[in-house]
Amino acid sequence: MLAPDSLVVHAGIGENEYLAVVPPIYQTSTFAFDCAEQGADLFAGKRDGYIYSRMGNPTVRALEDAVAALEGGHAGLACGSGMAAVHTALATLLSAGDHVICSESVYGPTCTLLETVLSRFGIESTIVDSSDLNAVQDAFRPNTTVVYIETPGNPTLAICDLEPLCKMAHERGAKVIVDNTFMTPILQQPFRWGADVVVHSLTKFLNGHADVVGGMVVVKDEDQYSLFRKSLNHLGGVLGPFDSFLVHRGIKTLSLRMQRHCESALKVATYLEQHPSVEWVRYPGLESHPQHEVAERQMAGGGGVISFELAGGIEAGRAMMNAVRLCGLAVSLGGVESLIQHPASMTHAIMGAEARHRAHITDGLVRVSVGIENPNDIIHDLDQAIAQSNSMSNTANAGEIHA
Ligand SMILES: *Cc1c(COP(=O)(O)O)cnc(C)c1O
């Protein structure tokens with residue numbers, strides 16, 4: 001068994017006709033049969049081979065094998081986006097009348113999928129703070145069949161202790177799905193703690209280069225695999241060969257990138273924590289994180305995402321966004337480039353102040369995805385942007401007083 005930093009280089013290479021060092025891109029929608037009998041055997045599952053790219057493709061398979069190997073799972077199913085992976089996982093495991101418990105600090109569209117789409121098919125859900133196992137326990141109902149966890153959560157970075165959580169779910173006959181996007185298998189392997197299904201947005205750290213949207217479901221055994229494969233074939237949200245090639249290429253540097261993301265994010269978080277204009281910083285690698293002890297046990301690093309609260313609130317946040325130069329002003333995360341976003345004035349502005357506060361999205365909350373640039377350059381950029389936001393929000397406040 002290879003170490004993770006060797007696996008990222010070699011996993012999923014498979015076999016290919018000319019022993020190409022990199023799996024070729026089979027940019028094809030369909031595969032010809034030798035003869036009618038071979039076609040019949042393929043459809044009957046009596047022999048291995050490819051039929052049609054929605055059902056399977058060698059380039060896509062190479063990526064699926066790589067992510068499954070890294071997670072310590074049995075098989076992967078590549079999907080057209082992270083949300084397609086989340087949908088595939090939920091739609092495969094749930095039926096009308098079932099109940100889902102979902103982490104409160106979950107990727108927004110996942111919550112919306114449960115509450116506005118799956119709810120129409122008779123699936124109920126309860127949103128809980130999954131860093132509080134008592135709250136999770138209280139949320140179980142006789143018809144709870146899935147517990148959906150994101151850890152660390154988004155954007156609060158709340159951490160769920162996976163081992164007792166999985167035990168609790170299994171005792172009650174429920175399956176646990178873990179969204180491992182923020183950590184990648186380099187920093188956290190949910191199967192080790194008992195998870196049943198792992199989902200990823202490949203768009204983020206796994207691809208790492210901000211040029212593909214994709215997702216992955218990883219399962220633990222052959223029975224689950226054949227169930228999920230049939231389901232994905234009928235739901236239809238598969239990933240294409242060229243995007244699979246790009247993500248597979250990105251994964252070769254995953255171990256190096258995650259190491260750098262963790263080192264730099266800790267430096268940036270430490271810098272922010274001592275800044276007088278910053279009220280608090282959430283980063284799993286900081287001792288001040290409420291579940292730092294769980295993080296140390298369950299994760300091999302704090303990851304690349306930091307949340308912090310600007311003392312100057314919404315105006316300071318807006319001013320800071322307009323002052324950054326190196327950090328890109330964009331949603332998404334996990335790429336080689338640093339990105340910054342201020343939910344109250346950007347992604348969550350339309351929610352209104354009250355709904356934002358209920359979702360723990362405070363006015364001065366800023367999320368940074370720390371890239372692999374020199375950490376001093378990142379800190380310098382944040383420092384000058386906070387300084388500018390201070391002077392601008394002071395001017396704005398002074399204006400209010402004069403008016
Ligand atoms: C981005 C993201 C998703 C959704 O992925 P897409 O590729 O954008 O569909 C799901 N979960 C988490 C944690 C994410 O960050």
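As the structure is a prediction and not an experimental result, all values here were calculated from the model. Just so it is clear, the values below take in all heavy atoms, side chains as well, and ignore hydrogens, waters and symmetry mates.
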**Asked** Has the side chain of Ser389 got a donor or acceptor atom that lies under 3.5 Å from a matching backbone atom of Ala319?
**Response** no
**Message:** Quick one about Ser255 and Asp5 (side-chain donor to acceptor, distance below 3.5 Å, no hydrogens or angles considered), yes or no?
**Reply:** no
**Qualifying ring-ring contact (aromatic ring centres under 6.0 Å, His included) pairs with a residue from residues 182-218, counting only residues at least two apart or across chains** = Phe205-His261
**Message:** Side chains of His360 and Thr156: any donor to acceptor distance under 3.5 Å?
**Reply:** no
**Prompt:** Is a side-chain N or O of His170 found less than 3.5 angstrom from the main chain of Cys166, in a donor-acceptor match?
**Reply:** yes
**Request:** Anything under 30° is parallel, anything over 60° is perpendicular, the rest tilted; go ahead and classify Phe245 against Phe242.
**Result:** parallel
**Asked** Hey, is the main chain of Gly334 close enough, under 3.5 Å, to the side chain of Ser369 for a donor-acceptor pair?
**Response** yes
**Request:** Flag the pair Leu162 / Gln298 as yes when at least one side-chain heavy-atom distance between them is below 4.5 Å, and no otherwise.
**Result:** yes
**Request:** Would you mind reporting whether His99 and Pro142 have side-chain heavy atoms less than 4.5 Å apart?
**Result:** no
**Message:** Please determine whether side-chain hydrogen bond (donor to acceptor under 3.5 Å, both in side chains) holds for the pair Asp138 and Asn134, giving the CA-CA distance in whole Å, both sets of side-chain angles, and the decisive distance to 0.1 Å.
**Reply:** CA-CA 6 Å; Asp138 290 345; Asn134 291 324; over 6 Å; no
**Item:** Validation row: Cys79, Leu232 side chains within 4.5 angstrom (heavy atoms)
**Value:** yes
**Item:** Pair Gln224, His74: side-chain N/O donor-acceptor within cut-off below 3.5 Å
**Value:** no
**Request:** Would you check if the side chain of Thr28 reaches a backbone N or O of Thr30 as a donor-acceptor pair within less than 3.5 Å?
**Result:** yes
**Request:** May I ask you to check whether Gln291 and Asp161 show a side-chain donor-acceptor distance below 3.5 Å?
**Result:** no
**Asked** With the threshold set at 4.0 Å, does a side-chain nitrogen-carboxylate oxygen contact exist between Glu163 and Arg192?
**Response** no
**Request:** Without swapping roles, check the side chain of His248 against the backbone of Thr59 for a donor-acceptor pair under 3.5 Å.
**Result:** no
**Prompt:** Less than 4.5 Å apart, any side-chain heavy atom of Arg257 and any of Val336?
**Reply:** yes
**Message:** Can you confirm if the NZ or CZ of Lys267 lies within 45° of the ring axis of Tyr283 and under 6.0 Å from the centre of its six-membered ring?
**Reply:** no
**Prompt:** Ser264 versus Ile372: any side-chain heavy-atom pair under 4.5 Å?
**Reply:** no
**Item:** Polar side chain donor-acceptor pair, Asn390 to Ser277, under 3.5 angstrom
**Value:** yes
**Item:** Qualifying residue for side-chain hydrogen bond (donor to acceptor under 3.5 Å, both in side chains) with Asn180, from Gln189, Gln188, Glu150
**Value:** Gln188
**Item:** Side-chain heavy atoms of Met320 within contact of Leu310, under 4.5 Å
**Value:** yes
